[in-house]
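Numbered from 1 within each chain, the chains take letters A, B, ... in sequence-line order. From a predicted model like this one, the values you see are computed outputs, not experimental measurements.
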Amino acid sequence: MFLKKVSSFTKFYIRQAMANRITLVFTLLFPVLWTLYQGLSAHRATQMSATHLITATIPFTAYIIVSTALEGVALATMATRDSGFLKSFYFVSGSRWPMLYANMLVQTGLVVLENLVYSAFSMFLYHAFSLQLLLLVVLLTIVTFPLVSLFLTCILLLPVRANSLSALGTSLLIILLMLFDVRTSNALLTGLAQLSPYQFIANTLRLFLGDLTLGTLGVEAVVIAIYCVVGFISYQQLNLQNRGRA
Amino acid sequence: MSQLTIEHLNFSHPKHPVFDDVSISFENPGLSVILGKNGIGKSTLLDLISHLEKPTSGDFAGFPPAKDMMYVFQSIAYSPDTTGAQLMAMYQQMNHPNPDFTTDDDFYKTVITPLLDRQLDVLSGGELTVMFVYASAAIDKALYLFDEPLSGVDPQNQTHIVSILDRLGQHKPVIVTSHIVVPFQETSANFKFLTPAGPAVSHTYAELTHGGDTATDLDIFLGLSEEQA
């Protein structure tokens with residue numbers, strides 16, 4: 001029955017996604033333009049291996065994942081809550097979780113498509129095509145996107161208005177990107193930095209590329225555990241009523 | 001017949017109190033219609049029953065968990081390009097069917113079938129409500145809540161909606177809020193006049209109209225208000 005519910009909601013979210021196709025283009029715009037600018041201005045196109053390329057472009061691959069998780073899942077959940085869909089669907093299905101899983105499923109498909117387009121574009125620009133690495137990007141996206149989406153539902157508990165939350169989310173997206181891979185000697189800050197979705201995605205890529213040390217595996221396991229716990233608690237606590245936001 | 005009861009209910013919104021020691025009960029099975037002035041807290045009461053809101057205090061007895069309730073809100077959220085058939089299929093796919101609502105009865109054939117192939121955004125307000133009320137009644141739940149299902153609906157569709165609610169109330173507890181009473185004349189509904197404090201009084205339709213057949217909604221409403229005063 002649970003899978004039937006997810007399947008039913010998936011059809012709903014596919015219709016929603018098809019109605020908002022422009023978002024796909026918008027998410028790709030910034031990474032594609034920036035990569036194009038770098039590629040054309042630095043004349044690096046002929047000097048890069050496929051592995052080097054995918055490592056170099058990981059901030060943008062991660063940006064596509066994080067921005068889709070934020071816009072397509074977290075903020076979209078709030079939009080369905082504010083329009084009354086979330087509570088209506090809750091009573092039809094008897095649970096709030098099938099809706100989130102269905103949306104994640106649809107958005108995972110979309111973000112895989114976006115990252116395929118972006119990676120193929122980068123590989124074309126730098127003359128470094130590799131089918132194996134293209135598949136690695138797909139795998140990376142499929143593994144990290146649901147976890148990042150779940151984690152980002154925590155922003156729905158912030159006591160701010162919908163439009164403020166949207167602005168806050170976009171700012172967070174940019175700030176975290178700017179802080180990506182910044183090194184510090186402070187242990188606490190280093191620990192917190194590992195919780196950044198960008199860092200998580202980059203660390204997962206390193207694991208996939210063979211950087212399998214006990215330390216990296218441990219950090220990955222802890223981050224995944226924190227993402228799951230924070231995400232589950234946040235979404236379970238989300239008020240289905242559109243009331244009480246300051 | 002058992003009862004669903006709420007006793008000594010207290011609840012306040014952040015800026016104003018809503019319920020002060022209110023008590024109310026509902027028949028199980030049975031159709032209960034909550035009446036009351038605008039802003040008295042009819043919708044809030046449904047929100048409290050469905051756990052969308054938490055009471056300050058109060059004893060709830062006999063109510064199923066929220067996951068086993070069906071709640072149709074006054075403002076119906078719908079995907080405009082969905083057809084009536086897709087809506088029905090979605091509801092049925094997620095739940096066991098209610099055996100009291102089958103596709104071979106006259107009501108389904110004459111009222112629901114013509115709506116199935118049409119997109120929800122081309123239905124009239126009344127047809128849309130009929131579609132949602134029927135789709136909700138046709139799934140098996142332990143309690144059904146309908147917030148103002150007759151509001152803004154033409155008289156013919158009001159009759160359709162009331163007939164669905166009445167049929168549903170034969171075997172299930174059904175709680176409805178409304179300002180409109182007359183369409184319930186031929187039903188076995190119990191009417192609860194909600195006030196911000198104290199117990200809600202229960203009436204049959206005959207008691208509301210004092211046995212008269214020509215009472216209007218206004219007559220009934222003013223009569224209840226005077227009685228309460």
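Put simply, the side chain of A:K87 never gets that close to the backbone of B:L52: no donor and acceptor are under 3.5 Å apart. Looking only at distances, no side-chain donor or acceptor of B:N95 sits under 3.5 Å from a matching main-chain atom of A:S93.
Rounded to the nearest 0.5 Å, atoms CD (B:Q93) and CE (A:M1) are 9.5 Å apart. The line from CE of B:M94 to NZ of A:K4 is 11.5 Å long, rounded to the nearest 0.5 Å. Rounding to the nearest 0.5 Å gives a distance of 7.0 Å between CD of B:E53 and CG of A:N239.
The environment of B:H16 atom NE2 is dense: over 12 non-hydrogen atoms of other residues, nucleotides or ligands sit within 6.0 angstrom. In B:H179, the NE2 atom is crowded: over 12 heavy atoms of neighbouring residues, nucleotides or ligands sit closer than 6.0 Å.
For A:S88, the parts lying under 4.5 angstrom from a heavy atom of chain B are both the backbone and the side chain. Looking at B:S50, the atoms closer than 4.5 Å to chain A (heavy atoms on both sides) sit in the backbone and in the side chain alike. Looking at A:T80, neither its backbone nor its side chain comes within 4.5 Å of chain B, counting heavy atoms on both sides. Residue contact with chain B, scored on non-hydrogen atoms closer than 4.5 Å, is absent for A:F2.
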Which atom pairs, one a donor and one an acceptor, fall under 3.5 Å between side chains of residues 63-81 of chain B and the rest of the protein, sequence neighbours left out?
| residue | atom | partner | partner atom | Å |
| --- | --- | --- | --- | --- |
| B:Y71 | OH | B:D47 | OD1 | 2.6 |
| B:S79 | OG | B:D81 | OD1 | 3.2 |

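Looking at A:F91 and B:K141, their side chains never come closer than 4.5 Å, going by heavy atoms from C-beta outward.
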